[in-house]
Amino acid sequence: MSRPRPAVVRPQRLAFAIAALLPFGTAFAQDAATTTAEKEAATLDTVEVTAQRKVENIQDVPVSISSVSAEKLDVLGSGGNDVRFLSGRVPSLNIESSYGRAFPRFYIRGLGNTDFDLNASQPVSLIYDEVVQESPLLKGFPVFDLERIEVLRGPQGTLFGRNTPAGVVKFESAKPTRELSGYAQLAYGTDNMWNFEGAVGGPLSARWSARVSALYQRKGDWVTNTYAAGTSDGFEGYDESAARVQFLYEGEAFEGLFNLHKRHLNGTARLFRANIIDPGSNNFVPGFDKDEVSVDGQNFSWLDTWGGSARLRWDFGDLSLYSITGYETAESLNRGDIDGGYGAAFLGPGNSGPGVIPFASESADGLPDHKQITQEFRLESDYAGKFNWQAGVFYFKEDITIDSFNYDSLAPGNPRAGHAVQEQENTAWAAFASGEYDVTEQLKLRGGVRYTQDKKDFSASVLEAAPFGAPVGGPYRVSTDVNDVSWDLSAVYALNDDVNFYGRVAKGFRAPSVQGRLLFAAPTAPNGGVSTADSEEVISYEIGVKADLWDKRARLGFNVFRYNVDNQQIIAVGGGSNIATLLNADKSVGQGFELDLEAYLTDSLLVTLGSSYNDTEIKDANLTVPGCGGGCTVTDPLTPTGYAIDGNPLPQAPKWVHNLTARYGIGMGEGAELYIYTDWAYRSEVNFFLYESLEFRGKSSLEGGLRIGYAWNYGDYEVALFGRNITDQTRIVGGIDFNNLTGFINEPRTVGVEFSAKF
């Protein structure tokens, strides 16, 4: 007997509630076959997720989870932005990057990692089509032709298991179907932005079907370099393409889904801007112009990734066996003018860049060799009784080589002046089991456990010394070998058919991390400057309610949580020598609440609201870090070993995150509709670094989008005008603190027009 697969999103069959978010305009106030007088009240469709590795109603899952549909993703991504457009779009989620489009850093409930090294591990795991994307360069794969994105908050170590103490962001691609279908979407916008994506799929034979998806995005340089002798006259443009092909085999008791995917990015690295922060505040300096910089260094970013997976399932009646095999590889080079200006102060008046630049710095990081292999076998029961379970084994292996370069931007041609290499082999395996028991018709208990063994062999060498940093030498070696047991326990109590209460306690784990950014290490640092952070462990407590309200015209999710982190891995970055040193904080704590609400206020007006409060605190009376190296005002106590950070919030951890969407549709005759869609995301202030300073604290942010569209032929065709960051808000979203008051900013306003068609 073949088990039903998760429902595939087919735009022509979407019910009213889900279609209300469609950029393709399939949300109509009445069904195609009814008249206005016959229409029924709009209700919300059931949202199915795979947060527990099987298809379930989101209301029945004892986890704080948000699901973002493909249609909503199309609206949010219409300006051509990368995966960072998800930041703030669900409760407790923040995403930022000091690399631009190539290297997103994810934070859930304040837990994340500000480390900019290509060897960095993150406590938020990104799972793409059931395959973990461990390297930070794999986490930015473009968002296109997806069924949905699920954001799971809190430790998820039992069923996912690979560095998930903060949570999981889970992507599910649209799958091949037995019906010929597809879509095409083309947009043009400001700064010569082009955005195309499309897909086509259908049956190949009685057993086989396929789906091919592709994306192409480009944007012209919108920042002018006013330094005449600079190596480039413009920045912030990009050219990106990606493709995915899938083949699905459906037999009597066997199913196989095969996936190949590839990405190419060629564009600007993160653009650093010297001395844009007004001393003594977190304001821009007077006269700041976001459309101009003055830099002498090179700036570019290119990235190529490709991979494949095989997801197999054998059906044995009451049991199903799953095999998930994944392979990923990446190659990249990212080079930026870190000082954000030109010249240096010691050259004398008239030769310094914008403001004081103590010394020039230009660097690059490359990934010439990367390979990741994963394999999972999982057995799942489907008994008619009260107890069901799943169990399996997991294997992970990653080999990486990292090149780090320094350049002398004061010499003609910007010659190389420093080269270091890092190499790491990481192998891990795990065994896990999870079960659920229906105590009564109302009460269901769940629990799981996972044993993990993780080993890293790391070495780093300085092949050419930089003016600052470790001398030529090495290899400097570090090996780690740890094991851990993660677990979770939860209960769901159904008060009635529409209201569920749940509680959950879970333990998560992140294996040790190793860092060897030797070109910026102190010359006398132990082991050449290689640093190690020991394993961290998280225990999280959560209670909540999930409810369908007003005859399914509204859906509510609300929870309160608290977590404790032992030995949290953090990194001290920047300072006078731009060091990058891994540390362990004795403890960190976080607590707060999360709200997800979706409701039809009228049959034509659908509103969603998300909100979260996260109060985080570092608790380590003996932990100190270096302060900034150039002009900032640190407010933490100064000790002989550095600034004490006990009591500080975690970096890039906003206390408040809110998001709001509203869509209003107006029927324009049979099969046609005019609609207005707006979306807003707010986050409160954030610290950029472990220490607190007046300058390196990002202001609160509120960005909005607007879309006005007309759809006809029952949503098969649509034309729309759109705007992203419609108020053109400009914010400093990150900083470089070793040199001067250098920062980088958010994306500017984008306005455009889009046409789409589907079949």
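Computed from heavy atoms alone, side chains included, the values below leave out hydrogens, waters and symmetry copies.
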Could you pull out all residues at least two apart from [X] that satisfy ring-ring contact (aromatic ring centres under 6.0 Å, His included)?
| X | value |
| --- | --- |
| F272 | F744 |
| Y407 | none |
| W656 | F593, Y613, H658 |
| F405 | H419 |

Check: Is R101 paired with E240 through a side-chain N to carboxylate O contact shorter than 4.0 Å?
Finding: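 Salt bridge flag = yes for R101 with E240.
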List the residues meeting side-chain hydrogen bond (donor to acceptor under 3.5 Å, both in side chains) with [X], not counting sequence neighbours, and say none if there are none.
| X | answer |
| --- | --- |
| D82 | R84 |
| S513 | S121, Q569 |
| R731 | none |
| Q568 | S588 |

Check: Can you find a side-chain donor-acceptor pair between T661 and T608 that sits under 3.5 Å?
Finding: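 Per modelled atom types, T661 and T608 side chains form a pair under 3.5 Å.
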Notebook entry, point to check: Any side-chain donor paired with an acceptor under 3.5 Å for S92 and N614?
Noted result: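 S92 vs N614: donor-acceptor pair found between side chains.
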Next item on the list: Decide side chain to side chain contact (heavy atoms under 4.5 Å, CB included) for F141 and V83; before the verdict, give the C-alpha distance in whole Å, the side-chain angles of both, and the deciding distance to 0.1 Å.
Entry: CA-CA 8 Å; F141 195 83; V83 70; over 6 Å; no
Margin query: With salt bridge (charged side-chain N to carboxylate O under 4.0 Å, His left out) as the rule and sequence neighbours excluded, what pairs involving residues 682-704 come up?
Written below: E685-R697
Check: Which pairs count as salt bridge (charged side-chain N to carboxylate O under 4.0 Å, His left out) when at least one residue sits in residues 279-300, sequence neighbours excluded?
Finding: K290-D728
Note to self: In this structure, is the centre-to-centre distance between the rings of F196 and Y216 below 6.0 Å?
What the structure shows: no
Next item on the list: Could I get the full list of salt bridge (Lys or Arg N to Asp or Glu O under 4.0 Å) partners for R724, not counting sequence neighbours?
Entry: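 Scan of R724 (salt bridge (Lys or Arg N to Asp or Glu O under 4.0 Å), adjacent residues dropped) gives D679.
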Checklist line | Residues which pass side-chain contact (heavy atoms from CB on, under 4.5 Å) with V589, listed by chain and number, not counting sequence neighbours | finding: R562, N564, E617, K619
